[in-house]
Amino acid sequence: MASELDEQMMRVAIEEATKTGANGDVPVGAVVAKAGEVLGRAGNAREREQDPTAHAEIIALRAAAGVVGSWHLEGCTMYVTLEPCAMCAGALVLGRVDRLVFGTEDPKAGFAGSLGNLVRDERLNHTLEVEGGVLSGECGDLLKAFFRERR
């Protein structure tokens, strides 16, 4: 069950997504937090950086690792407006993030339950607790508006 803190952190991710959409990237925002403290936050930057790996989750993970001084992000939660893709889900597992909270499902690329469930695959050395659907309407509306404008 999503907590008040989960919704608060998701609103920070929505802020990042909104800024990103204004820059021409798909509006996805991500936040890495520990005990309510934001360690990293970012929006998608694939277009701006011309980098296929510049997803919001990857950038936020890098920022959080820099703050912590380690790639081990135990005790952290990733908040992201859109269910992570396979690359980002794998990065969450490799970074030892404890929990994933996402806004809207991604039936075309999501790997936290939609197309696959990499973050909860028991064959891996680490799994995450997952909470989906947090502020899903607001998160989904950002994406719908972005793609509607491009059609």
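Sequential numbering from 1 along the given sequence is applied to the chain's residues.
Here the closest heavy-atom approach between residue Ser70 and residue Leu73 is recorded as O-CD2, 4.0 Å. Scanning both residues, Ala13 and Val31, for their nearest heavy atoms gives N-CG2, 3.6 Å. Closest approach of Ile59 and Ala54 over heavy atoms only: CD1-O, 3.7 Å. Across every non-hydrogen atom of Leu143 and Pro27, the tightest pair is CD2-O, 3.8 Å. Between Cys85 and Glu57, the shortest heavy-atom contact is N-OE2, 4.5 Å. For the residue pair Gly103 and Ser136, the shortest heavy atom distance occurs at O-CB, 3.2 Å.
In the hydrophobic clustering of this structure, Ile14 does not group with Phe102; members are Ile, Leu, Val, Met, Phe, Trp, Tyr whose side-chain heavy atoms approach within less than 4.5 Å, directly or through other members. Both Met78 and Val26 belong to a common hydrophobic cluster when Ile, Leu, Val, Met, Phe, Trp and Tyr are linked at side-chain heavy-atom distances under 4.5 angstrom.
The shortest distance between side-chain heavy atoms of Arg96 and Trp71 falls below 4.5 Å.
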>> Applying salt bridge (charged side-chain N to carboxylate O under 4.0 Å, His left out) to Glu138 and Arg11, what does each step give before you reach the verdict?
In response: CA-CA 9 Å; Glu138 292 177 49; Arg11 291 197 189 287; 3.0 Å; yes

>> Is there a salt bridge (charged side-chain N to carboxylate O under 4.0 Å, His left out) between Lys34 and Asp98? Walk through the geometry before answering.
In response: CA-CA 10 Å; Lys34 186 172 187 176; Asp98 284 350; over 6 Å; no

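Between the side chain of Asn44 and the main chain of Arg46, no donor-acceptor pair closer than 3.5 Å is present. Looking only at distances, a side-chain donor or acceptor of Thr81 sits under 3.5 Å from a matching main-chain atom of Gly29. A donor-acceptor pair under 3.5 Å is absent between the side-chain atoms of Glu105 and the main chain of Ser114, judged by distance alone. A donor-acceptor distance shorter than 3.5 angstrom exists from the side chain of Glu83 to the backbone of Ala112, with no hydrogens or angles considered. Between the side chain of Arg120 and the backbone N or O of Leu118, no donor-acceptor pair lies under 3.5 Å.
Other residues, nucleotides and ligands place more than 12 heavy atoms under 6.0 Å from the CD atom of Gln50.
Expressed to the nearest 0.5 Å, how far CG of Asp106 lies from CG of Leu82 amounts to 4.5 Å. Between the CE atom of Met10 and the CG atom of Leu5 there is a distance of 11.0 Å, given to the nearest 0.5 Å. The line from OG1 of Thr127 to CG of Asn117 is 10.0 Å long, rounded to the nearest 0.5 Å. The line from OG of Ser3 to CE of Met9 is 9.5 Å long, rounded to the nearest 0.5 Å.
A salt bridge links Lys19 and Glu16; the closest N-O separation between the charged side-chain nitrogens and carboxylate oxygens is under 4.0 Å.
Within the cation-pi definition used here (under 6.0 Å to the ring centroid, within 45° of the axis), Arg148 does not qualify as a partner of Phe146.
For the pairing with Val97, the side chain to side chain contact (heavy atoms under 4.5 Å, CB included) check across Val119, Leu61, Val32 returns one residue only, Leu61.
Side chains of Glu74 and His72: a donor-acceptor N/O pair is present below 3.5 angstrom, by distance only.
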